[in-house]
Amino acid sequence: MNLRNRVALNIQDLRRERALSQEELALRASVNRGYMGKLENAKYAASLDMLERIAVALGVDASALLSPR
């Protein structure tokens with residue numbers, strides 16, 4: 001699995017574990033819901049700054065988005 005797909009799955013899994021919608025996570029991370037959907041579907045690759053914002057919104061360390069689960 002490539003890194004983009006791993007990050008996408010980790011974001012999706014962590015979001016679901018926290019019972020958040022894509023819209024709610026996007027709001028917390030201050031991004032567009034459509035953009036969040038494209039990140040979760042591995043259509044876009046997130047920048048380091050974006051990974052940090054998403055991690056904060058999910059309440060995890062940014063490394064959790066990169067690690068195998």
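Of the inter-residue distances, the one linking R28 atom CZ with E23 atom CD reads 12.5 Å to the nearest 0.5 angstrom. With rounding to the nearest 0.5 Å, the separation of CZ in R53 from OG in S47 is 7.5 Å. To the nearest 0.5 Å, the span separating CZ on R33 from NZ on K38 amounts to 8.5 Å. A distance of 9.5 Å separates CG of L25 from CG of L14, quoted to the nearest 0.5 Å.
Shown are L51, N10, D61; of these, the side chain to side chain contact (heavy atoms under 4.5 Å, CB included) with L66 is made only by L51.
For Y44, the OH atom is loosely surrounded, since the number of other residues' heavy atoms within 6.0 Å does not exceed 12. Shown here is E52, whose CD atom has no more than 12 heavy atoms of other residues, nucleotides or ligands within 6.0 Å.
In this structure, A42 and R4 approach most closely via the heavy-atom pair O-CD, 3.1 Å. The two residues A29 and A57 make their nearest non-hydrogen contact at N-CB, 3.9 Å.
Residues Y35 and V56 are members of separate hydrophobic clusters, defined by side-chain heavy-atom contacts under 4.5 angstrom among Ile, Leu, Val, Met, Phe, Trp and Tyr. Under the 4.5 Å side-chain heavy-atom criterion for grouping Ile, Leu, Val, Met, Phe, Trp and Tyr, L48 is connected to M50 within one hydrophobic cluster. Using a 4.5 Å cut-off between side-chain heavy atoms of Ile, Leu, Val, Met, Phe, Trp and Tyr, with links allowed through other members, L65 and L9 fall into different hydrophobic clusters. Cluster membership check: L27 does not share its hydrophobic cluster with I54, using side-chain heavy-atom separations under 4.5 Å among Ile, Leu, Val, Met, Phe, Trp and Tyr.
Using a cutoff of 4.0 Å between basic side-chain nitrogens and carboxylate oxygens, R18 and E24 are not scored as salt-bridged.
Residues V31 and L39 are not in side-chain contact: their nearest non-hydrogen atoms beyond the backbone lie 4.5 Å or more apart. Under the 4.5 Å side-chain criterion, counting only non-hydrogen atoms from C-beta, R15 is in contact with E40.
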